Amino acid sequence: MFKEFLDLGRHPIANAFLTEEEFSDEFFFDLKVCWDDDSKLVSIKDFVEPERIFNNEYPYNTSNSFPMVEHFKSTAEMLKGEFNPKSVLEIGSNDGPFITNFDRENSVCVEPCGNFSLKTAHMGYQSYTSFWTTELSEKIKSHHGKMDLIYAANCICHIHDLDDTFKAVHNLLSDDGVFVFEDPSLLRILERGSYDQIYDEHPHIFSVTALNNLLKRNGLTLFRVDNLSVHGGSNRIYAKKPNIPSDNTMSPNVFENLKEEKSFGVDNFETYKIFAQRVAESKKNLVGLLRKIKDGGKKIMSIGATAKSTTVFNYCDIGIELIDVITDTTLDKQGKFSPGAHIPIMSREDVNILDYDYVYLGAWNFKDVIANKEREFVENGGKFITHVPTVMEFS
Ligand code: JHZ
C-alpha cells in the first residue's frame with residue numbers, strides 16, 4: 001500500500017556534524033518519501049538504524065533554543081493544571097527542559113542519547129538510557145508502577161515501529177491517565193512547502209488523520225488536538241484508554257482537524273504529487289536566488305545549523321561556493337562542519353555579520369527571534385533569505 005511521491009536524493013545523518021578528518025567516512029542514504037494508502041501515514045522509505053542517529057554524540061539539545069524552554073515550561077504548567085498527574089514519564093527527555101518542571105520523586109525519563117540521560121540523572125531524575133519499547137515499558141511498570149501522564153515532544157515521529165510504541169504506552173498508562181505528544185504537523189508542511197522537516201530523524205510525518213487510525217488500532221482514543229506554532233506548526237495530540245469499548249469522547253477540535261486535513265487532501269495521493277512538484281520548484285528558486293546574489297559579488301551566511309538545513313543544502317546541492325559559514329548557539333556544533341555540504345559552523349560571536357549582505361535562515365522557525373536579535377544587520381542594509389513558504393528575501 002506504500003506509494004512513493006518524493007525523491008530528495010542522497011542524504012547524510014541530519015544532525016551528524018563532523019570534523020574534516022571524518023569527511024571521507026561520512027554515511028549517506030537515499031531519502032525517499034512515501035504515503036500509505038491504508039493508514040494515510042507519510043513515512044520515509046528507507047529507515048536509518050536509530051543507533052546511528054541517537055547516540056552519545058547526539059548534539060541537538062533543546063535548552064539551546066530558549067523559546068523552546070519557555071514552550072516546555074508553559075506546556076508542563078498547563079498539563080499539571082488540567083490533569084494533575086501523580087506520576088509522569090517523558091519519552092525522549094533530551095536535556096530535561098520539560099521534566100524539570102515536575103518533582104523528581106514521581107518522574108521518570110527515557111532517553112537513548114547517553115549524553116542527555118546523564119544530565120537528567122544528575123538533575124536527580126530516574127533516567128533510562130534506552131529506546132522506547134514494550135519491553136522497557138514492562139521494566140518501568142515493575143519498578144515505578146503505571147503512569148498518569150506519558151509525554152513526548154518531537155520524539156514519537158522519530159520511532160520506526162509505531163505499533164510497538166503505542167502498545168508500550170498502553171501498557172504503562174494508568175487507566176485514567178493521559179498520553180500527550182507533539183510533533184510537526186503534516187498539514188502545515190504541505191501548506192508551507194517546508195519539505196526540510198523530512199530527514200533521517202523523522203521516519204514519519206504525522207497527520208491527525210493517520211494518528212487517529214494508528215492509535216485506534218492500538219487501543220488508544222485520540223480525544224484532543226492542540227495546534228501549535230512551534231517548529232513551523234506542530235500538533236499536540238492527547239490520547240487515553242477508552243473506558244468502555246464504545247467510548248468515543250472526542251473533543252470537537254479533533255473533528256475540525258480531521259475535516260481541515262480532508263479538505264486539503266491529506267487522504268488523497270494527488271496532494272502528495274503536487275507537493276513534490278512544489279519541492280522541485282523551491283529548489284530551483286532557492287539555488288537561482290543564491291547564485292544570482294553570489295554572481296553580483298555579495299556574501300551569504302546562514303543562521304541555525306539545523307537538521308532542516310541539512311535537508312535543504314543536500315537536496316539543493318548548496319555548499320561553500322554559495323554559503324560561507326553557518327552560525328549556531330550550540331557548543332557541540334561549533335567548530336564542526338555541516339553534514340554532507342561541509343559548510344563550517346561557528347559561534348555567532350565569532351562572525352561579523354556586517355561582513356555579509358544576506359543571511360539564509362536555517363532556523364526559519366525562529367525567524368522573529370533571530371530578526372529581532374539581528375536588528376543592526378538589517379539597519380545596515382542586510383537581508384534575510386528563506387524558502388518557507390516560498391523562496392524570498394526580506395528585511
Ligand atoms: P531547531 C531538531 O531539528 C531535531 P532542528 C529534532 N529531530 C526535531 O524533531 C526538531 O528539532 C524538533 C540554533 N539557534 O529547533 C539552535 C541559533 O543559532 O529549528 C539550534 O541548533 N540562534 C529533535 O535542528 C538551531 O538553531 C538562535 O537565535 O531543525 C535550531 O534548531 C536560535 C533561536 C537558535 O531544530
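These numbers were taken from a predicted model, which means no experiment stands behind them. If you read the sequence from its start, that first residue is 1, and numbering goes on from there. First listed ligand is number 1; within each ligand, the first listed atom is number 1.
- In this structure a side-chain-to-backbone donor-acceptor pair under 3.5 Å is present from Asn314 to Thr310.
- Within the 3.5 Å criterion, the main-chain N or O of Glu376 finds a donor-acceptor partner in the side chain of Asn380.
- Less than 4.0 angstrom separates some heavy atom of Thr306 from each of these atoms of ligand 1: 5 (P), 19 (O), 24 (O), 25 (C), 29 (O), 30 (C), 31 (O).
- Contacts between Asp328 and ligand 1 below 4.0 angstrom, taking non-hydrogen atoms only, involve backbone and side chain alike.
- If you look at Ile370 next to ligand 1, the close heavy atoms, those under 4.0 Å, all belong to the side chain.
- Only the side chain of Ser65 comes within 4.0 Å of ligand 1, judged by heavy-atom distances.
- Within the listing of ligand 1, atoms 20 (C), 21 (O) sit less than 4.0 angstrom from a heavy atom of Lys333.
- Looking only at heavy atoms of the protein, atom 24 (O) of ligand 1 is closest to Ala307 N, 2.8 Å.
- A side-chain donor from one of Arg375 and Asn372 sits under 3.5 Å from a side-chain acceptor of the other.
- A salt bridge does not link Glu21 to Lys336: none of the charged nitrogens lies less than 4.0 Å from a carboxylate oxygen.
- When heavy-atom distances to ligand 1 are checked against a 4.0 Å cut-off, Lys373 comes that close only through its side chain, counted from C-beta outward.
- Atoms of ligand 1 found under 4.0 Å from any heavy atom of His202 (numbered from 1 in listed order, with element): 7 (N), 8 (C), 9 (O).
- Summarising the geometry, atom CD belonging to Gln334 is positioned 7.5 Å from atom CG belonging to Asp350; distances are rounded to the nearest 0.5 Å.
- Here the closest non-hydrogen pair linking Ser395 and Lys383 is CB-CG, 4.2 Å.
- The contact set between ligand 1 and Glu201, taken as ligand atoms under 4.0 Å from a residue heavy atom, comprises 4 (C), 6 (C), 7 (N), 23 (C).
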Exercise for the section: For Asp163 and Arg217, run salt bridge (Lys or Arg N to Asp or Glu O under 4.0 Å): C-alpha distance rounded to whole Å, both residues' side-chain angles, the deciding distance at 0.1 Å, then the answer. Expected result: CA-CA 8 Å; Asp163 287 324; Arg217 83 178 183 208; 3.0 Å; yes
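- Using a 4.0 angstrom heavy-atom cutoff, His158 counts as in contact with ligand 1.
- Under a 4.0 Å criterion applied to the non-hydrogen atoms of Lys308, ligand 1 contributes the atoms 1 (P), 5 (P), 19 (O), 29 (O), 35 (O).
- Between Pro67 and ligand 1, not a single N/O pair is under 3.5 Å apart.
- Between Phe29 and Phe47, the ring centre distance reaches or exceeds 6.0 Å.
- Numbered from 1 in the order shown, with element, the atoms of ligand 1 that lie under 4.0 Å from a heavy atom of Asn154 read 9 (O), 12 (C).
- A parallel orientation is assigned to the rings of Phe98 and Tyr151, their planes being inclined by less than 30° (bins at 30° and 60°).
- Residue Gly304 approaches ligand 1 through these ligand atoms, each under 4.0 Å from one of its heavy atoms: 26 (O).
- Summary of contacts: the protein heavy atom closest to atom 15 (O) of ligand 1 is Tyr60 OH, 2.9 Å.
- Using a 4.0 Å cut-off to heavy atoms of Thr329, the atoms of ligand 1 that qualify are 13 (C), 14 (N), 16 (C), 17 (C), 18 (O), 22 (N).
- Applying the salt bridge (Lys or Arg N to Asp or Glu O under 4.0 Å) test to pairs two or more places apart or on separate chains, those with a residue in residues 286-307 are Lys294-Asp324.
- Between Arg236 and Asp226 a salt bridge is recorded (basic side-chain N to carboxylate O distance below 4.0 Å).
- Only the side chain of Tyr58 comes within 4.0 Å of ligand 1, counting heavy atoms alone; its backbone N, CA, C and O stay farther away.
- Protein heavy atom nearest atom 32 (C) of ligand 1, with residue, atom name and distance: Phe366 CD1, 4.2 Å.
- Formation of a donor-acceptor pair under 3.5 Å by the Glu49 side chain with backbone atoms of Glu51 is not found in this model.
- Heavy atoms of Trp364 found under 4.0 angstrom from ligand 1: none, in either backbone or side chain.
- Atom 10 (C) of ligand 1 has as its closest protein heavy atom Tyr199 OH, 3.8 Å.
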